[in-house]
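So that the names make sense, note that chain A is the first sequence line, chain B the second, and so on, each numbered from 1. Quantities reported herein were computed from a predicted structural model and do not represent experimental measurements.
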Amino acid sequence: MVAELCAIKHVLEGRGKALYLVPLKALASEKYEEFKILEDLGIRVALSTGDFDTVDPSLARYDLIIATNEKADSIIRHRPQWIEQVSLIVADEVHLLGEASRGPTLEALLTTLMITNPKAQFLALSATIKNAAEIAEWLGASLVTSEWRPVPLKEGVCFRDSVIFKDGSVIRVDGPDKDPVTLLTVDVIKSGGQMLIFTGSRLSAVSLARRLSEPVRRLLKRRDERRLLELSSTILRLGERTRISEMLSRAVSHGVAFHHAGLTYEQRKAVEEAFRSFLIKCICATPTLAAGVNLPARRVLIYEYRRFEPGYGQTNIPVLEEKQMAGRAGRPRYDKEGEAILLARSESERDFLLEEYVLSEPEKIWSKLGVASSLRSHVLATITTGLARSEEDLFDFFSRTFFAHQYGLHSFKKKVAECLEMLTKETLVECQGRHLIPTRFGMRVAELYIDPVSAVIIRDALRLRRSGLPPISYLTLICHTPDMPKLYIRKREMEPLVSFLESNSDLFLFDLPDEDDPEYESLLEEVKTALLLKDWIEESPEDSIVERFDVGSGDIYSFVESARWLIHSAHELAKLFGFTESITPLRNLYLRIENGVKEELLPLVSLRGVGRVRARALYSAGFKTLEDLRAASPLDLIKVPQIGPETARLIKEQVGGTVSKEEWSLMRSKKTSKQLSIDEY
DNA sequence: CGTATACTTTTCTAGACAGCATGTC
DNA sequence: CTAGAAAAGTATACG
């Protein structure tokens, strides 16, 4: 509300545009829906995330622009004029600054905006921050704190059948069951509330949901039971049937659901919506639901406060994260208070949890901009945007960052200089005397929004100028870049991966580490990820990919998305450097990744208006090449399922066939008439 | 020799942002 | 912040 009022003031008083920054796409959409009512006041609201548009020049027409941090950063790299008119910058969930992977982007973005828009107002928001004053100081802002909450929150710890709250009050839950999780769940549902349980792994989310299914089902009203059965079958129809969707469907029929990133977007949305409409009584979730969309419940149970972290083992989650989860407790308008409960397994653990979480404040936020991988790309961006034209400019810029604010500039200078050295050595930047000038390569890398290291890996590989390579060569290449997320390797998978590697070593576009090299294991991860992508473009059924790689459908989509982005980037770099023999293979691979199709469908899928489904339909109707399509009459084309008059016309336009006047008018008349069956056509 | 039981070894582990182009049945 | 639970495998006891 504070941000909203502030934005209204800025726009209506004609002071300038407002930019609203959020960390998640889902949050961006949510805010967009929320702020759209401002259009009644004549304020034009736009949404800009990676899902919706590129750097859209029409954004200049809007007054309030909602964007993810990364999207806003990317927009700035394309240097549009309208940025100058921004007079209010809202940074929602600003505690993200302390997150290693994505905090630096927000930090660089805010620093840039402070420099380019020195008169703008900065409004940073967070519910869980200890050193808020320090961040305010960095932003040149004043700190405003408020303890107000729409629904009061009670935090406590549960051991056996009793819960001790922060304020000293104690509640006891009892029932025939001895299991405290079941007791707490049944208790809150009986009194008309809902339960949200956070677990530390996907597996425990799923198994907990199964465990609670029976007790929850017994509490269901007849009417809900019927609607849940409908929802249960809807979930199976949302996508290809997999083991996970079957388990989810079964749980949902009992009024329970699990929620993690292995689910598809649609499945997750379905679960969230059913929870909001009180249909689903209990969700067992990984931290997916801790941040992000607003999905409160009367009672929140933190079932596991430890989580595995690679390189560290089992670690206690930060208090900040625990407070984020606890903050989900209490549904405005429905609950008069919310309860957030940590689960203890022993008496000493109960005391530990009370002390370390319930009564603790969240940790301080520390800048993570010093991490080399993120620093590189921000040093480059500072140069390509023209913000730094010399080394001094560069240090000036970085002296304005939160990192410099917290740690001082001294140690930082060396890190920045190292990044600069790497960028000049790899010719992303040129030094001419004191001047720093981005090369075309550097410019393109900044715009493509990839890590300079990824770009160098791709360039060096394509520079081998090898032609006639199969898709797996390019797939392993992009999986070799730091921008590509990777699959875990299981012990039993080592063997087949090693043998694949040995028999195909001539297909790799980069040097392979030795078997005793610590890099070797990450190479296997890369190969495994590449093999998943290969299955995808060969149209393996989703369920077979799920089984073979032990991933969820949601994981498949996120791997495919990242691969699509990097293949596109590789294609652009091939064009930039004139690596002609790679341009067409990369273009084809892009089409196949995007649509998830076999090679035989390539010519069809390359047409506008034809994706996976229509390509398949055309192919099985006998139209296998562009030549077949050129020879075909449009009236034959519309006999193909999935192909209507519009698409037929579009296809004909692209393959350069002729459409006679009669055919044309016939098609147009069909277009406006009620849709006919294939037989009628 | 088969099987129950105790002890040892192995396996496995959260999430999600970015480019660009296009628009049906 | 540097693990711990569950599954799988193996040894031993017992009838």
Closest of B/dA14, B/dC20, B/dA18 to the A/R444 side chain is B/dC20
Select base, sugar-phosphate, or nothing to describe what A/G311 touches, counting heavy atoms under 4.0 Å on all strands.
base
Pairing nucleotide - B/dC7, Watson-Crick or G-U, each distance under 3.5 Å:
C/dG9
Taking pairing as Watson-Crick or G-U wobble with both contacts under 3.5 Å, can you name the mate of C/dC14, or confirm there isn't one?
B/dG2
Of the candidate nucleotides B/dG23, B/dA16, B/dC20, which contains the atom at the shortest distance from the side chain of A/L24?
B/dA16
Heavy atoms only, 4.0 Å cut-off, all strands: where does A/S204 land among base, sugar-phosphate and nothing?
nothing
Should B/dT24 form a Watson-Crick or G-U wobble pair with both distances under 3.5 Å, which nucleotide is its partner?
none
So what does A/P23 hit on the nucleic acid, given a heavy-atom distance under 4.0 Å: a base, only sugar-phosphate, or nothing?
sugar-phosphate
Please pick, from B/dA14, B/dA18, C/dC1, the nucleotide with the shortest atom-to-atom distance to any side-chain atom of A/K71.
B/dA18
Mind checking if A/R608 touches a base, just sugar-phosphate, or nothing, with heavy atoms under 4.0 Å?
sugar-phosphate
With a 4.0 Å cut-off on heavy atoms, is A/S558 in touch with a base, just the backbone sugar-phosphate, or nothing at all?
nothing
Out of B/dA18, C/dA3, B/dG15, which nucleotide sits closest to the side chain of A/Y449?
B/dA18
Tell me the interatomic distance from A/L109, atom CG, to B/dC17, atom C1', rounded to whole angstroms.
13 Å
Taking only the side-chain nitrogens and oxygens of A/T647, find out if one of them lies under 4.0 Å from OP1 or OP2 of B/dC25.
yes
With a 6.0 Å cut-off on the ring centroids, do A/F198 and A/Y305 count as close?
no
Reckon A/F559 touches a base, only the sugar-phosphate, or nothing at all at heavy-atom distances under 4.0 Å?
nothing
Presence of A/R614 side-chain N/O under 4.0 Å of B/dT24 phosphate oxygens OP1/OP2:
no
Under 4.0 Å between any heavy atoms, over every strand shown, what does A/R612 touch: base, sugar-phosphate, or nothing? Just pick one.
nothing
For the side chain of A/Y488, starting at C-beta, report the closest nucleotide among B/dG15, B/dT13, C/dG4.
B/dT13
Testing A/Q324, A/E321, A/E93, A/K323 for side-chain hydrogen bond (donor to acceptor under 3.5 Å, both in side chains) with A/T128, which one passes?
A/Q324
Rounded to the nearest 0.5 angstrom, the CZ-CD distance for A/F549 and A/E493 is 8.0 Å
Side-chain atoms of A/T68 come closest, of B/dC20, B/dA18, B/dG15, to B/dA18
Watson-Crick or G-U counterpart of B/dC12, or none if no pair lies under 3.5 Å:
C/dG4
In whole angstrom, give the distance that lies between atom OH of A/Y305 and atom P of C/dA3.
14 Å
Under 4.0 Å between a side-chain N or O of A/H378 and OP1 or OP2 of B/dA18?
no
A/S74 side chain N/O closer than 4.0 Å to the phosphate oxygens (OP1, OP2) of B/dG19?
yes
Apply ring-ring contact (aromatic ring centres under 6.0 Å, His included) to A/Y32 and A/Y20, showing your working.
CA-CA 10 Å; A/Y32 178 65; A/Y20 195 107; over 10 Å; no
Name the nucleic acid region contacted by A/E572, choosing base, sugar-phosphate or nothing; use a 4.0 angstrom heavy-atom cut-off, strictly under.
nothing
Rounded at 0.5 Å granularity, tell me how far CZ in A/R350 sits from OG in A/S346.
9.0 Å
Quick one: CZ on A/R616 to CZ on A/R612, what's the gap to the nearest 0.5 Å?
8.5 Å
In whole angstroms, the gap separating C1' of B/dA16 from CG of A/D483 amounts to 13 Å
Euclidean distance, atom CZ of residue A/R102 to atom P of B/dA14 [Å, nearest integer]:
18 Å
Counting only N and O atoms by type, is there a donor-acceptor contact under 3.5 Å from the side chain of A/Q267 to the main-chain atoms of A/T264?
yes
According to the Watson-Crick and G-U wobble definitions, with both distances under 3.5 Å, which nucleotide is paired to B/dC17?
none
Could you state the atom-to-atom distance from CZ of A/R268 to P of B/dA14 in whole Å?
13 Å
Among the nucleotides B/dA18, B/dA14, B/dA16, which one has an atom lying closest to any side-chain atom of A/R202?
B/dA14
Testing B/dG19, B/dA14, B/dA18 for proximity to the side chain of A/S201, the answer is B/dA14
Ranking A/E70 and A/H260 by the position along DNA chain B of their nearest nucleotide, the one closer to 5' is A/H260
Take atom CZ of A/R490 and atom C1' of B/dT13, then tell me their distance rounded to the nearest Å.
9 Å
Separation of B/dT22 P from A/L591 CG (nearest whole Å):
12 Å
Say you draw a straight line from OG1 of A/T286 to CD of A/E304; how long is it, rounded to the nearest 0.5 Å?
11.0 Å
Let's test your reading of the model: under 3.5 Å, does the base of B/dA18 pair with the side chain of A/T49 as donor and acceptor?
no
Checking all strands, does A/E493 fall into the base, sugar-phosphate, or nothing category for heavy-atom contacts under 4.0 angstrom?
nothing
Candidate nucleotides B/dT24, C/dA3, B/dC20, ranked by approach to the side chain of A/Q314 - the nearest:
C/dA3
For the side chain of A/F308, starting at C-beta, report the closest nucleotide among B/dA14, C/dA3, B/dA18.
C/dA3
May I have the distance from A/D550 (atom CG) to C/dA7 (atom C1'), rounded to whole angstrom?
14 Å
Aro-ring/base stack A/Y312-C/dT2, d under 5.5 Å, angle under 30°
no
